[in-house]
2 protein chains.
Amino acid sequence: MNGPNQMDQYLLGDCVARMRELPEASVDLVFADPPYNLQLGAGLKRPGGGSVAGVDADWDRFDSHAAYDDFTRAWLSAARRVLRPDGTLWVIGSFHNIYQVGYQLQALGFWLLGDVHWAKTNPMPNFRGKRFQNATETMIWAQPNKGRPYTFNYHALKSLNDDRQMRNWWELPIVQGTDRLKDGEGNKLHPTQKPEALLYRVLLASSNPGDTVLDPFFGTGTTGAVAHRLGRRFVGIERDPGYLTAARKRIEAIAPGELPDSLVQVRPPRADRRIAMATLVEEGWIAPGQEVRSRCGRFVAQVRADGKLVSAGSAGSIHALGAQLQGRESCNGWDFWRVERDGSWAPLDTLRAMRASAAESTMTEEMSRHETPD
Amino acid sequence: MNGPNQMDQYLLGDCVARMRELPEASVDLVFADPPYNLQLGAGLKRPGGGSVAGVDADWDRFDSHAAYDDFTRAWLSAARRVLRPDGTLWVIGSFHNIYQVGYQLQALGFWLLGDVHWAKTNPMPNFRGKRFQNATETMIWAQPNKGRPYTFNYHALKSLNDDRQMRNWWELPIVQGTDRLKDGEGNKLHPTQKPEALLYRVLLASSNPGDTVLDPFFGTGTTGAVAHRLGRRFVGIERDPGYLTAARKRIEAIAPGELPDSLVQVRPPRADRRIAMATLVEEGWIAPGQEVRSRCGRFVAQVRADGKLVSAGSAGSIHALGAQLQGRESCNGWDFWRVERDGSWAPLDTLRAMRASAAESTMTEEMSRHETPD
DNA sequence: CTAAGCAATGAATCGGGAC
DNA sequence: AGTCCCGATTCATTGCTTA
């Protein structure tokens, strides 16, 4: 295929109205990134005093929970009419909206094939320390009716994942740097641009070359860009003319068949599989309150629930406390501290060894147990 | 205290009925792992009371969807009554049920604090190769009403995560090997036993020592086991007497021991020294007229007898003056202002730290002299 | 020229106690 | 109930500036 595909469509306007104009059962896949209805408060500050640019666009404001339900049912129903019976639909969202989306999918009779969790490797921090760092978005994958055949390119995804079957949580970075579309002044063009790597996996898994992919919330056209790269056709609907123009420009600039490495790359397994003291406590290898001693029993400390040690009012990591008590600059806590095992005092490190050997033996057990059906 | 905590309760029966017997606003935390594979079809009648024979798939689907909604609303409402206004609730589920649960939480007026995704390091493979490997479960964290204060032990979780704030996706293994409870024949006792490490993070994050944790679907008592280890009380409700017996046996076998709060709760670094600047002046840790400087010496001010700072005619609290001079909206004066100590300029906060450690050492001294105060 | 340091920023439902 | 104000709080990455 050369240049822009004449079958691709850029449609301006409200997605429900535009979808109603499309022929019934005419697309093979729907990928939708609807507004999340974030309901943000005003003026969150960074610790340094800077302000956080939250999503404050009109399109993300809804009057009520019920209004968002109505909106969701409307576009899902319209999408369902356009979708072929053997096609599937993806929706991405966050905890703010995804439960309403999933609920309405089931209520409308869609059959859920599963969900996939995008685990962001570099999410925005939680600046106030009041909650967990929100580092995920959720995609729901569904078919319009239970039991129909559907496209799932199992082996393509498996080879993308180092020849192990692809799991439903994907560690991928957010869009940054030159991949992020900018306006004339260097500001981000769209507040919620998705990484192409995410769409790459979605389209590769659930569509085939020549298929038509519909994105009712096209934005700046990430779905179209990846569809183009992968030889799929697309229909993009967007109500903001500026976004739609940017999308067209972006997609028409892509050389056919161009596949940057960043799309295909699988993150190498993390090198730092070292075990922290906190992990041993979490997993119950040593309990909070348990006593540990230095080699000759000169120092005594107690294990705290977060994996640190407490002794005479000071607390610190096994290494830091050991160093402090000895008046030294450093100390290997794994060797310095002893824990009672079967009547004798063994180095803390033996707990790590026990954990490692236990993990190995359950692995073997698991592998010899391949009987359970799906 | 030794042995089982007399405050802990093992309640047999339907969770809604048992929760209705508990006092209103009596628990600090709810952790719920509701079933989703209910055989709901059996007792269901079509609207109008038509015969069950020849039930088509749609009726079955919509009836069971509605029945699971009813079930979910019933137990969530009962749990909400028992939960204190400042408490929080966790629910764990999979894509089969979590969207209904999340939807009903929001519909009932719960406010979502976020969700956490358990990413299983060793999930069951998908044997048919028709879907992604289902390697996650989702936990929703909610409070009964928006805007109330709630417990979140930020620093404890940060410690568990190598001193970086804890994200909302947790890589943890499924329960295997000796941790997995078995029946007499070596088969797993409960189909959905959760890892203690999961509950460890949940309880450490969102409860305090001495709090009461309610688990309405107690199963084999993982919640109770971890609550016991972490110095929390629990109420476990389970309708299967076999499970409840196994849970009691399991928990009572855990070595008890009363743990000081300091070992099972990590307080923020400064919690014990929230002292006003005026107090430091009053007690002579810093003298009126003494000079303080901003980090790089750009601003200079003098301490006034009432604890405020004076600089170039303006006066104000250490925070207000710091903010004013920098032209910022806010400023933490304890970090911003430096005071000379032993030839170098240390943050004002070190004075508070010195005062706190001096107080602590007198405490220890007193205790070592076996003097009982009062 | 490179290396180091500093600044900017990303779908965010991000206080609480005293008066 | 509203207002004031103290003071607690950030991770990974990119790109520009400075040494």
Side-chain angles (χ1 to χ4, degrees), chain A residues 33-57 59-62 65 68 92-99 118 120-138 173-180 182 186-188 190-195 217 219, chain B residues 86 106 110-115 141-143 146-150 152 154-155 158 161-168 267-271 273-278 307-308 316-323 329-337 348-349 352:
Chain A
D33 182 10
Y36 288 5
N37 190 20
L38 289 184
Q39 304 175 251
L40 301 178
L44 178 63
K45 290 282 191 248
R46 297 168 187 271
S51 66
V52 178
V55 176
D56 61 349
W59 49 256
D60 198 44
R61 279 196 278 271
F62 294 83
H65 190 255
Y68 192 80
I92 186 166
S94 66
F95 75 88
H96 312 83
N97 72 322
I98 201 66
Y99 300 104
W118 172 24
K120 304 179 185 183
T121 57
N122 51 349
M124 187 184 296
N126 184 292
F127 295 112
R128 302 296 295 266
K130 304 309 286 182
R131 304 185 180 186
F132 296 100
Q133 186 181 16
N134 189 12
T136 62
E137 293 190 29
T138 296
I174 62 175
V175 187
Q176 280 184 332
T178 52
D179 292 337
R180 186 91 196 190
K182 302 283 169 61
N187 299 314
K188 62 185 173 186
H190 194 284
T192 71
Q193 185 182 336
K194 295 293 177 291
F217 306 95
Chain B
D86 292 355
Q106 292 181 301
F110 282 88
W111 186 250
L112 303 194
L113 296 168
D115 52 15
W141 185 34
Q143 62 179 160
K146 177 182 179 178
R148 301 282 308 195
Y150 56 91
F152 179 58
Y154 175 77
H155 287 94
K158 189 174 176 177
N161 192 39
D162 204 17
D163 277 333
R164 284 181 302 245
Q165 60 181 210
M166 185 68 84
R167 296 179 173 180
N168 73 329
R267 294 188 172 282
R270 288 173 181 164
R273 47 181 159 105
R274 256 186 226 178
I275 287 112
M277 183 66 182
K308 292 203 183 337
S317 72
I318 56 172
H319 314 295
L321 192 68
E329 288 195 0
S330 69
C331 166
N332 185 339
W334 296 110
D335 289 325
F336 181 70
W337 296 105
L348 268 187
D349 194 47
R352 288 200 298 188

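First the proteins, then the strands, lettered A, B, ... as listed; each starts at 1.
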Rounded distance in Å - CD (Gln133(A)) to P (dC11(D)): 7 Å
Sugar-phosphate, base or nothing in reach of Leu112(B), heavy atoms under 4.0 Å: base
Pairwise C1' distance, dA19(D) and dC1(C) [rounded to whole Å]: 12 Å
Sugar-phosphate, base or nothing in reach of Asp179(A), heavy atoms under 4.0 Å: nothing
Flag for Tyr99(A)-Gln106(B): side-chain donor and acceptor within less than 3.5 Å: no
Near-parallel close stack of Tyr36(A) and dA11(C) base (under 5.5 Å, under 30°): yes
Donor-acceptor pair between Arg167(B) and Gln133(A) side chains, under 3.5 angstrom: yes
Nearest-nucleotide comparison on DNA chain D, the residue closer to the 5′ end among Thr178(A) and Gly48(A): Gly48(A)
Sugar-phosphate only, base, or nothing, as touched by Trp334(B) at under 4.0 Å among non-hydrogen atoms: sugar-phosphate
Base dG16(C) to side chain Arg128(A), donor-acceptor N/O within 3.5 Å cut-off: no
Check: His319(B)/Ser317(B) side-chain N/O donor and acceptor closer than 3.5 Å: no
Nearest-nucleotide comparison on DNA chain D, the residue closer to the 5′ end among Arg167(B) and Phe127(A): Phe127(A)
Sugar-phosphate only, base, or nothing, as touched by Lys188(A) at under 4.0 Å among non-hydrogen atoms: sugar-phosphate
Chi-based syn or anti call at dT13(C), which uses purine or pyrimidine torsion atoms and a 90° bound: syn
N/O (side chain, Tyr154(B)) to phosphate O (OP1/OP2, dT10(D)) under 4.0 Å: yes
Whole angstrom value for the distance that separates P of dG7(D) from CH2 of Trp337(B): 15 Å
Atom-to-atom span, CD of Gln165(B) to P of dT9(D) - whole angstrom: 11 Å
dA8(D) base / Asp335(B) side chain donor-acceptor hit below 3.5 Å: no
Nearest heavy atoms of Phe217(A) and Asp33(A), plus distance in Å: CB-O, 3.5 Å
Whole-Å P distance, dA8(D) and dA12(C): 26 Å
N or O in side chain of Asn134(A) less than 4.0 angstrom from dA11(C) OP1/OP2: no
Smallest separation among heavy atoms of Lys188(A) and Arg180(A), with atom names: CD-NH2, 3.6 Å
Proximal nucleotide (of dT9(C), dT10(D), dA12(C)) relative to the Met124(A) side chain: dA12(C)
Sugar-phosphate, base or nothing in reach of Pro34(A), heavy atoms under 4.0 Å: base
Among dT10(D), dT13(C), dA12(C), the nucleotide that comes nearest once only the side chain of Pro125(A) is considered: dT10(D)
From dT9(D), dT13(C), dT13(D), nucleotide with atom closest to Asn122(A) side chain: dT13(D)
Sugar-phosphate only, base, or nothing, as touched by Gly54(A) at under 4.0 Å among non-hydrogen atoms: base
Atom pair distance, as rounded to whole Å: CG in Asn187(A) and C1' in dA8(C): 11 Å
Distance-only donor-acceptor test, Lys194(A) side-chain atoms vs dA11(C) base atoms, 3.5 Å: yes
Atom P, compared across dG7(D) and dC19(C): separation rounded to whole Å: 13 Å
Separation of dA12(C) C1' from Asp60(A) CG (nearest whole Å): 11 Å
Gln176(A) CD to dT13(D) P, straight-line distance once rounded to whole Å: 8 Å
Any Lys130(A) side-chain nitrogen or oxygen under 4.0 Å from OP1 or OP2 of dT13(C): no
Under-4.0 Å side-chain N/O to phosphate OP1/OP2 contact, Arg352(B) with dA8(D): yes
SB check Arg148(B) Asp86(B) (cutoff 4.0 Å): yes
Nearest atoms (heavy-atom pairs only) where Val52(A) meets Lys45(A): CG2-C, 4.4 Å
Of Val52(A) and Gly186(A), the one whose closest DNA chain C nucleotide lies more 5': Gly186(A)
Arg148(B) side-chain N/O to dG16(C) phosphate OP1/OP2 under 4.0 Å: no
Rounded interatomic separation in angstrom, taking CG from Asn161(B) and P from dT10(D): 13 Å
Sugar-phosphate, base or nothing in reach of Thr192(A), heavy atoms under 4.0 Å: base
Phe95(A) aromatic ring stacked with six-membered ring of dT13(C), 5.5 Å and 30°: no
Heavy-atom side-chain proximity of Phe336(B) to Leu348(B) below 4.5 angstrom: no
Between C1' of dA12(C) and CZ of Arg61(A), the distance in whole Å: 15 Å
N or O in side chain of Ser317(B) less than 4.0 angstrom from dC6(D) OP1/OP2: yes
Check: Asp60(A)/Tyr36(A) side-chain N/O donor and acceptor closer than 3.5 Å: no
Gap separating the CZ atom of Arg352(B) from the CE atom of Met277(B), nearest 0.5 angstrom: 10.5 Å
Parallel, tilted or perpendicular: ring planes of Phe152(B) versus Trp141(B), cut at 30 and 60 degrees: tilted
Presence of His155(B) side-chain N/O under 4.0 Å of dT9(D) phosphate oxygens OP1/OP2: yes
C1' gap between dG10(C) and dT10(D), integer Å: 12 Å
Short side-chain N/O contact to dC6(D) OP1/OP2 from His319(B), under 4.0 Å: no
base_contact_polar (dT13(C) base, Arg131(A) side chain, donor-acceptor, <3.5 Å): yes
Watson-Crick and G-U pairing of DNA chain C written in dot-bracket, each distance under 3.5 angstrom, with | for inter-strand partners: .|||||||||....|||||
